[in-house]
Every structure is written in C-alpha cells, then in structure tokens.
*Asks:* 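Attaching a single structure in structure tokens format; questions to follow.
Any value given below was found using the heavy atoms of this structure, including those in side chains, with hydrogens, waters and symmetry copies removed. If you read the sequence from its start, that first residue is 1, and numbering goes on from there. Both ligands and their constituent atoms are indexed starting at 1 by order of listing.
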Amino acid sequence: MNAASQGGSSAGCRLYLITPPRLDLVRFRDDLAAALDAGDVACLQLRLKDAAPDDVKRATEALMPVCHAHDVAFILNDDAKLAHALGCDGAHLGQTDGDHAGARKLLEGKILGITCHASRHLAMEAGELGADYVAFGAFFPTDTKEVLHHATPDILEWWSEMMEIPCVAIGGITAQNCAPLVRSGADFLAVVGAVWNHPDGPAAGVKAMNAAIAAA
Ligand SMILES: Cc1ncc(COP(=O)(O)OP(=O)(O)O)c(N)n1
Ligand SMILES: Cc1ncsc1CCOP(=O)(O)O
Ligand SMILES: [Mg+2]
C-alpha cells in the first residue's frame with residue numbers, strides 16, 4: 001500500500017477498490033478475480049454496510065485469498081477489532097468508527113487508513129496518530145453513499161507537498177473525471193461505481209481507470 005514502493009501508474013497513483021455495500025458472494029468472487037486479472041490494483045476494501053460479523057467473516061474468507069493471489073492488500077472497513085481477528089491486512093476507519101489510537105496499537109504493522117473528509121485538521125491528527133494513509137472526499141457526486149462533506153483538489157496538493165503519508169481521494173471518481181485528482185497528488189483513487197458498475201464489466205472498469213491514471 002505504499003505508493004512509492006509499489007510502482008504503478010503515472011505519478012505513482014494507484015487504484016484502490018472498495019466493494020459494493022451489498023453483494024452476492026459467489027458472483028462477486030468471480031467479478032473480483034476478473035477485476036484483479038485486468039490490471040493494477042493496490043488494495044480492496046471490504047465495505048459491507050450493516051452486515052453481521054459472521055457475514056463479514058464469510059466474505060473475508062472468500063475474498064481475501066483472491067486478493068492475496070493477486071498481491072492485493074485486503075482492508076476491512078469500519079471495524080479494527082474484526083480486521084485484527086480475521087487477519088486482514090488493515091482497516092479503514094471513519095471519524096465515528098471507534099478509537100483511532102487504540103486501532104493503531106492493535107493493528108501494529110498493518111495498514112490503518114482514516115477518513116478526513118475535507119479537513120486539514122483531521123488529516124494532521126490522523127498523520128500524528130500514525131495512519132498509513134488519509135482519505136479525502138467526496139470529490140464528485142456519488143450514488144454509492146449519502147455524503148455530507150465535499151473536497152476539492154487543493155487539499156490533495158497541500159497534503160502531498162507537505163507530507164510523506166499517502167493520501168486517498170474518494171467520491172464519484174471515474175475514468176472521465178479523475179485526471180485533476182492525479183495531477184493534484186492523490187496517491188490512490190478509491191472507487192466503487194467506476195469499476196463494479198462499469199457498463200462493460202469490472203475488468204473494463206479497472207482497465208479504464210488504469211488508463212486514465214496513466215494519461216493524467
Ligand atoms: C478509502 C476510504 N475513504 C473514505 C471512506 C469513508 O469512510 P467513513 O467515513 O467511515 O464512511 P463509511 O465507508 O463507513 O460509510 C472509506 N470507506 N474508504
Ligand atoms: C464510501 C464513500 N465515502 C465517501 S464517498 C464514498 C462512496 C464512493 O463510491 P463511488 O466511487 O461509487 O462514488
Ligand atoms: Mg466507516
């Protein structure tokens with residue numbers, strides 16, 4: 001998950017996939033394998049909103065091996081303790097997803113990402129706490145989630161000029177609109193719809209995102 005050490009596309013920016021909020025595990029496992037076969041993906045975040053821990057466990061057991069077979073990190077959304085218990089590569093926590101400092105200790109040596117919305121202050125706090133990346137957004141309108149915070153590319157420029165810690169851009173990002181985010185210094189572009197809802201399927205979605213990042 002370190003942009004500099006993992007190579008990849010132009011300016012080191014890479015694709016960060018997030019699962020749809022609800023999924024049919026059997027079908028999604030095949031979609032995931034096709035997406036990861038299609039191009040460069042840094043990580044997959046399992047984001048099953050409102051799923052029971054047992055369902056998250058089943059999904060992790062089905063999907064994490066697919067990710068690891070493709071050298072893709074597997075990150076769990078919302079729950080650092082469950083991420084630790086399931087042996088995930090890390091967790092992504094929002095501002096109301098529990099104790100960030102406790103999560104940092106629990107996930108020693110693993111990836112911890114923190115949502116910072118459009119706040120420089122939250123990003124500085126996350127950096128001081130030892131986050132492995134900070135996430136800014138939403139940059140564009142999205143159908144995937146109701147968003148309360150809206151970010152603009154200048155926060156990516158500010159962060160990447162000042163800090164070594166990678167930053168992730170999220171929210172309505174597509175192959176058509178991502179270029180300014182890449183040029184502003186995003187280390188990762190996190191997407192749901194652009195890949196899983198691509199009209200030609202997830203493999204085409206990954207290829208389109210990789211090409212757009214490389215051309216930015
Ligand atoms: C990479 C990345 N960035 C931001 C988010 C949003 O996290 P959060 O604010 O906790 O909202 P939910 O995802 O829990 O709805 C994310 N998941 N991933
Ligand atoms: C989880 C999340 N947090 C802010 S926007 C968003 C959804 C991103 O999905 P999409 O790439 O489909 O807009
Ligand atoms: Mg959350």
*Asks:* Which of the numbered atoms in ligand 1 are below 4.0 angstrom from a heavy atom of G94?
*Replies:*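 Heavy-atom distances to G94 below 4.0 Å select 8 (P), 9 (O), 10 (O).
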*Asks:* Looking at ligand 1, does any of its N/O atoms fall within less than 3.5 Å of an N/O of Y16?
*Replies:*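 By distance alone, the answer is no.
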*Asks:* What atoms in ligand 1 come closer than 4.0 Å to a heavy atom of K49?
*Replies:*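 Answer for ligand 1: 12 (P), 14 (O), 15 (O).
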*Asks:* Should V134 and W159 count as side-chain neighbours, where that means a heavy-atom distance under 4.5 Å?
*Replies:*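 With C-beta onward as the side chain, the pair touches.
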*Asks:* Check whether any side-chain heavy atom of L189 sits under 4.5 Å from a side-chain heavy atom of C13, and report yes or no.
*Replies:*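 When only atoms from C-beta onward are counted, C13 and L189 do touch, with a gap below 4.5 Å.
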*Asks:* A side-chain contact here means heavy atoms from C-beta on lying under 4.5 Å apart; do V191 and Y16 qualify?
*Replies:*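 No; the side chains remain at least 4.5 Å from each other.
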*Asks:* For atom 10 (O) of ligand 1, grab the closest protein heavy atom and report residue, atom and distance to one decimal in Å.
*Replies:*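 I find the closest protein heavy atom is D97 OD2, 2.9 Å.
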*Asks:* What protein atoms of element N, O or S are positioned under 2.8 Å from the Mg ion (ligand 3)?
*Replies:*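 Listed by chain and number, the nearby protein N, O or S atoms are D78 OD1, D97 OD2.
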*Asks:* Is the shortest side-chain heavy-atom distance between Q95 and I114 below 4.5 Å?
*Replies:*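 In contact.
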*Asks:* Would you call L63 and R29 a side-chain contact if the rule is heavy atoms closer than 4.5 Å?
*Replies:*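 Side-chain contact under 4.5 Å: yes.
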*Asks:* Look at ligand 1 and say whether Q95 reaches it with a heavy atom at a distance under 4.0 Å.
*Replies:*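 No, Q95 has no heavy atom closer than 4.0 Å to ligand 1.
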*Asks:* When you compare the side chains of H92 and D97, does any donor N or O come within less than 3.5 Å of an acceptor on the partner?
*Replies:*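 No - no donor-acceptor pair under 3.5 Å links their side chains.
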*Asks:* Enumerate the atoms of ligand 1 whose separation from the nearest heavy atom of I18 is less than 4.0 angstrom.
*Replies:*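 Close to I18: 18 (N).
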*Asks:* Would one find more than 12 heavy atoms of other residues, nucleotides or ligands at under 6.0 Å from atom NZ of K57?
*Replies:*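 Result for NZ/K57: open.
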*Asks:* Where is the nearest protein heavy atom to atom 13 (O) of ligand 1: which residue, which atom, and how far?
*Replies:*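 Nearest neighbour among protein heavy atoms for atom 13 (O) of ligand 1, to 0.1 Å: R47 NE, 2.7 Å.
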*Asks:* Just to confirm my output: which protein heavy-atom neighbour is closest to atom 12 (O) of ligand 2, and how far is it?
*Replies:*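 Checked against all protein heavy atoms, atom 12 (O) of ligand 2 sits closest to T144 OG1, 2.4 Å.
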*Asks:* Counting only nitrogen or oxygen atoms and a 3.5 angstrom limit, does V192 reach ligand 2?
*Replies:*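 Yes; the residue has a nitrogen or oxygen that sits under 3.5 Å from a nitrogen or oxygen of the ligand.
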*Asks:* Under a 4.5 Å cut-off applied to non-hydrogen side-chain atoms, are E157 and M162 in contact?
*Replies:*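 No, their side chains stay 4.5 Å or more apart.
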*Asks:* Return yes when G172 approaches ligand 2 closer than 4.0 angstrom through a heavy atom, no otherwise.
*Replies:*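 Within the 4.0 Å threshold, so yes.
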*Asks:* Do other residues, nucleotides or ligands put more than 12 heavy atoms under 6.0 Å from D24 CG?
*Replies:*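 Yes, the 6.0 Å shell around CG holds more than 12 heavy atoms from other groups.
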*Asks:* Test your reading of the structure: does V191 have an N or O sitting under 3.5 Å from an N or O of ligand 2?
*Replies:*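 Between V191 and ligand 2 (N or O atoms, distance only) the closest approach is not under 3.5 Å.
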*Asks:* What protein heavy atom sits nearest atom 7 (O) of ligand 1, and how far off is it?
*Replies:*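 Going atom by atom, the protein heavy atom closest to atom 7 (O) of ligand 1 ends up being T115 OG1, 2.9 Å.
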*Asks:* Strictly under 4.0 Å, does any heavy atom of R47 approach an atom of ligand 2?
*Replies:*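 In this structure, R47 qualifies as a contact of ligand 2 - some heavy atom is under 4.0 Å.
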*Asks:* Which atoms from ligand 1 have a heavy atom of Q45 less than 4.0 Å away?
*Replies:*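 Under 4.0 Å from Q45, ligand 1 has these atoms: 1 (C), 2 (C), 16 (C), 17 (N), 18 (N).
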*Asks:* Where's the contact between I18 and ligand 2, heavy-atom distance under 4.0 Å: side chain, backbone, both or neither?
*Replies:*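 The answer is neither.
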*Asks:* When you look at K110 and D89, which way does the salt bridge (Lys or Arg N to Asp or Glu O under 4.0 Å) test go after all the steps?
*Replies:* CA-CA 6 Å; K110 305 273 184 167; D89 298 308; 5.1 Å; no
*Asks:* Counting both backbone and side chain atoms, is some N or O of D78 under 3.5 Å from an N or O of ligand 1?
*Replies:*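 The answer is yes, given that D78 and ligand 1 share an N or O pair closer than 3.5 Å.
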*Asks:* Could you list which atoms of ligand 2 come closer than 4.0 Å to a heavy atom of T142?
*Replies:*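 The list of qualifying atoms is 9 (O), 10 (P), 12 (O), 13 (O).
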*Asks:* Among all the protein's non-hydrogen atoms, which is closest to atom 3 (N) of ligand 2, and how far away is it?
*Replies:*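 Here the closest protein heavy atom is K145 CD, 3.6 Å.
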*Asks:* Looking only at protein heavy atoms, which one is nearest to atom 2 (C) of ligand 1, and how far off is it?
*Replies:*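 Protein heavy atom at minimum distance: H92 CE1, 3.3 Å.
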*Asks:* Should L86 and V56 count as side-chain neighbours, where that means a heavy-atom distance under 4.5 Å?
*Replies:*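 Side chain of L86 against side chain of V56, heavy atoms only: contact under 4.5 Å found.
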*Asks:* Students often mix this up, so state it plainly: with edges at 30° and 60°, are the rings of Y133 and F188 parallel, tilted or perpendicular?
*Replies:*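 Ring orientation of Y133 relative to F188: tilted.
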*Asks:* Do you reckon V66 sits in the same ILVMFWY cluster as L17, going by side-chain contacts under 4.5 Å, direct or chained?
*Replies:*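 Linked within one cluster.
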*Asks:* Does T115 use its side chain to pair, donor to acceptor, with the backbone of H117 at less than 3.5 Å?
*Replies:*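 Not confirmed, T115 side chain does not pair with H117 backbone.
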*Asks:* Geometry only, no angles: is K145 polar-contacting ligand 1 at N/O separations under 3.5 Å?
*Replies:*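 Min N/O separation from ligand 1 is below 3.5 Å for K145.
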*Asks:* Which of the atoms of ligand 2 are close to G193, meaning less than 4.0 Å from one of its heavy atoms?
*Replies:*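 Answer for ligand 2: 10 (P), 11 (O), 12 (O).
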*Asks:* Inspect the surroundings of CZ in R22 and state if more than 12 heavy atoms from other residues, nucleotides or ligands are less than 6.0 Å away.
*Replies:*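 Result for CZ/R22: open.
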*Asks:* Can you find a pair of side-chain heavy atoms, one from T19 and one from L32, that are under 4.5 Å apart?
*Replies:*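 With C-beta onward as the side chain, the pair stays apart.
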